[in-house]
Number of protein chains: 2
Amino acid sequence: MVKTGTLPAKDVRSAILTEATRLFKENGVDGISMRQIADAIGYSATTIYLHFTDKNHLMYAVCEAGFAEFGESLGAAASSTSDPLEQLRAVGRAYVEFGLTHPLHYDVMFIRPRAWAIGRLVDEIEGADRPEPESFVALITLVAVAMKSGALRSSDPREAAAILWSGMHGVVSLSISLGDQIDAFEPDEVRRRAATITEAILTELG
Amino acid sequence: MVKTGTLPAKDVRSAILTEATRLFKENGVDGISMRQIADAIGYSATTIYLHFTDKNHLMYAVCEAGFAEFGESLGAAASSTSDPLEQLRAVGRAYVEFGLTHPLHYDVMFIRPRAWAIGRLVDEIEGADRPEPESFVALITLVAVAMKSGALRSSDPREAAAILWSGMHGVVSLSISLGDQIDAFEPDEVRRRAATITEAILTELG
DNA sequence: TCACTCTACTTAACAGTGTTAAGTAGATCA
DNA sequence: TGATCTACTTAACACTGTTAAGTAGAGTGA
């Protein structure tokens with residue numbers, strides 16, 4: 001028997017996306033099942049496969065806007081000033097802020113990175129050389145500029161970028177992973193801590 | 001029908017542990033199934049439940065030695081010198097070294113912390129206030145000593161400890177989570193990077 | 001109007017997961 | 001001999017992602 005007007009058929013895809021997004025926000029990627037989504041919109045689980053090739057593709061679609069926001073937010077931070085060191089500070093702040101406001105996106109990107117999250121969809125990259133995440137490349141470039149301008153003394157932008165990234169990631173990921181088990185990771189503490197580490201690193205490399 | 005001499009019955013528990021440990025080293029916690037372990041030792045899956053109350057308890061038993069090694073290694077590092085700053089450096093190196101040599105243990109402890117890994121077994125702590133991980137408490141103490149000795153100027157040992165931890169965790173966890181996707185996280189690079197961040201932080205807080 | 005095809009959906013099933021309930025073969029003991 | 005206890009088994013439950021096959025209904029051409 002075919003669906004009797006529960007939904008205008010054309011909107012099924014977006015109904016799936018809406019519900020999957022809601023469940024993602026509540027429980028994260030691993031807290032969602034295809035049947036759960038299907039039940040919530042009044043369709044069978046297999047219907048989802050008529051609109052998304054598999055769960056990975058669906059989750060990518062759910063997270064896509066968040067991923068874009070990540071890139072845009074870091075880009076805006078880099079553009080917010082022309083002072084190389086200030087750019088690095090602003091990008092660091094934006095990175096941390098994204099992690100604090102989008103912990104579930106941060107998780108799929110950097111804590112337990114899924115293939116579909118870190119380098120486009122699996123089937124789009126299979127066979128191809130795994131490209132470095134754009135944002136890491138962008139950070140390297142930013143650091144290189146800071147070095148050429150004399151604001152940083154070290155001469156290995158890739159290494160300096162990795163150090164800055166590690167510092168921010170440490171603060172954010174510890175807060176996301178252990179925040180509800182140890183009360184030393186409140187958002188404001190995380191921001192302050194990240195700023196301290198950023199200054200420490202910039203001083204050390206400067 | 002009862003088992004016919006495949007194993008001296010008394011050794012079943014240790015056979016489970018041996019095989020579970022082997023599979024853990026190969027695939028990590030989530031790459032093991034109870035049936036897989038059972039098949040490997042020639043028993044049915046339910047037999048495992050005669051020796052371990054559930055998968056969590058089994059995994060805890062598998063990881064127990066590694067957890068102990070973590071504590072001992074950090075303790076030894078702290079005892080290796082009496083100079084407060086040197087102690088912090090040594091503990092940092094030991095922490096990073098543990099992560100590099102026991103990535104799967106590090107994962108269950110700090111990257112996607114499981115209840116059974118971070119604060120004893122679930123049923124041992126239920127109801128009780130979740131205690132802070134011993135090693136974090138130990139680090140705070142170490143930092144407090146450094147402050148009293150005047151080696152560090154800042155006056156918040158808890159915050160300073162969190163910063164040091166964040167720094168080390170960032171380097172280690174990024175290496176474990178993304179090491180095989182980005183080739184900027186070779187072990188020696190990780191060690192060097194951790195040392196750089198440690199110096200940066202100690203200088204900033206000094 | 002009849003038959004065909006195409007679309008959008010369905011149910012049933014597969015292979016896997018952790019876990020529990022119930023059954024059984026063999027040894028031990030009164 | 002008969003009862004009990006131990007150590008194991010098979011069958012099952014409720015889940016997971018995913019695929020194969022079936023079906024109701026609309027649209028189309030003769």
Side-chain angles (χ1 to χ4, degrees), chain A residues 1-20 23-24 26-63 108 112 114-117 121-123 126, chain B residues 1-20 23-24 26-63 108 112 114-117 121-123 126:
Chain A
M1 172 187 32
V2 150
K3 265 284 128 55
T4 61
T6 31
L7 275 175
K10 208 35 186 310
D11 296 339
V12 173
R13 190 195 143 96
S14 71
I16 293 169
L17 270 177
T18 303
E19 197 55 33
L23 289 167
F24 170 75
E26 280 176 15
N27 310 318
V29 180
D30 296 336
I32 308 181
S33 81
M34 301 298 264
R35 285 172 179 84
Q36 217 175 110
I37 298 167
D39 286 354
I41 62 174
Y43 283 81
S44 72
T46 51
T47 291
I48 300 176
Y49 291 87
L50 302 174
H51 299 275
F52 300 90
T53 71
D54 58 22
K55 194 185 178 185
N56 286 346
H57 284 74
L58 171 55
M59 294 325 295
Y60 179 80
V62 165
C63 292
V108 302
R112 2 182 190 181
R114 324 295 157 101
W116 51 267
L121 284 182
V122 180
D123 53 11
E126 73 182 18
Chain B
M1 174 185 32
V2 149
K3 264 286 131 53
T4 61
T6 32
L7 274 176
K10 207 36 187 311
D11 295 341
V12 172
R13 191 194 142 96
S14 71
I16 293 169
L17 270 177
T18 303
E19 198 55 35
L23 288 168
F24 170 75
E26 279 175 16
N27 311 317
V29 181
D30 296 335
I32 306 183
S33 84
M34 302 298 263
R35 285 172 178 85
Q36 216 174 112
I37 298 167
D39 287 354
I41 62 173
Y43 283 81
S44 73
T46 51
T47 291
I48 300 176
Y49 291 87
L50 303 174
H51 300 275
F52 299 91
T53 71
D54 59 21
K55 192 185 178 183
N56 287 346
H57 284 73
L58 171 55
M59 294 324 296
Y60 179 79
V62 165
C63 292
V108 302
R112 1 180 192 183
R114 325 295 158 99
W116 51 267
L121 285 182
V122 179
D123 53 12
E126 72 181 19

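In what follows, chains carry the letters A, B, and so on, assigned in the order in which the sequence lines appear, proteins first and then strands, with residues in each chain numbered from 1. Fair warning: this is a prediction, and the values are worked out from it, not measured in the lab. Both backbone and side-chain heavy atoms feed into the values below; hydrogens, waters and symmetry mates do not.
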Side chain of [X] - closest among [options]:
X     : options               : result
A:S44 : D:dT18, C:dT11, D:dT9 : C:dT11
B:M34 : C:dT19, D:dT9, D:dG17 : C:dT19
B:T47 : D:dC8, C:dC9, C:dT19  : D:dC8

Could you state the [atom1]-[atom2] distance from [X] to [N], rounded to the nearest angstrom?
X     : N      : atom1 : atom2 : answer
A:R13 : C:dC9  : CZ    : C1'   : 17 Å
A:H57 : D:dG17 : NE2   : P     : 16 Å
A:K55 : D:dG17 : NZ    : P     : 4 Å
B:N27 : C:dT17 : CG    : C1'   : 15 Å
A:I41 : C:dC9  : CD1   : P     : 9 Å
A:H51 : C:dT7  : NE2   : C1'   : 11 Å
B:Q36 : C:dT17 : CD    : P     : 7 Å
A:L50 : C:dA8  : CG    : P     : 8 Å

**Item:** Min side-chain heavy-atom separation A:M34-A:Y49 under 4.5 Å
**Value:** yes

**Asked** Would you call B:H57 and B:W116 a side-chain contact if the rule is heavy atoms closer than 4.5 Å?
**Response**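 Not in contact.
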
**Request:** Check for a donor-acceptor pair, side chain of B:D11 on one end and backbone N or O of B:S14 on the other, with a separation under 3.5 Å.
**Result:**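 Looks like no, no N/O pair under 3.5 Å.
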
**Prompt:** Looking at residues at least two apart in the chain, or sitting in another chain, which of them share a ring pair (Phe, Tyr, Trp, His ring centres under 6.0 Å) with A:F52?
**Reply:**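 Testing A:F52 for ring pair (Phe, Tyr, Trp, His ring centres under 6.0 Å), a comparison that skips the adjacent residues, returns none.
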
**Message:** For C:dG16, does the base pair up with any side-chain atom of B:R35 as donor and acceptor (N or O, under 3.5 Å, distance only)?
**Reply:** no

**Prompt:** With a 4.0 Å cut-off, would you call A:K55 and A:D30 a salt bridge?
**Reply:**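 No.
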
Interface polar pairs with nucleotides 20-23 of chain C, N/O, under 3.5 angstrom:
none

**Message:** Mind checking if A:I32 touches a base, just sugar-phosphate, or nothing, with heavy atoms under 4.0 Å?
**Reply:** sugar-phosphate

**Asked** Hey, which of A:I32, A:L17, A:T47 is the one that makes side-chain contact (heavy atoms from CB on, under 4.5 Å) with A:I37?
**Response**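 Output: one option passes, namely A:I32.
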
**Message:** Going by side chain to side chain contact (heavy atoms under 4.5 Å, CB included), name the residues that satisfy it together with B:A45, two or more places apart in sequence or in a different chain.
**Reply:** B:R35, B:A38

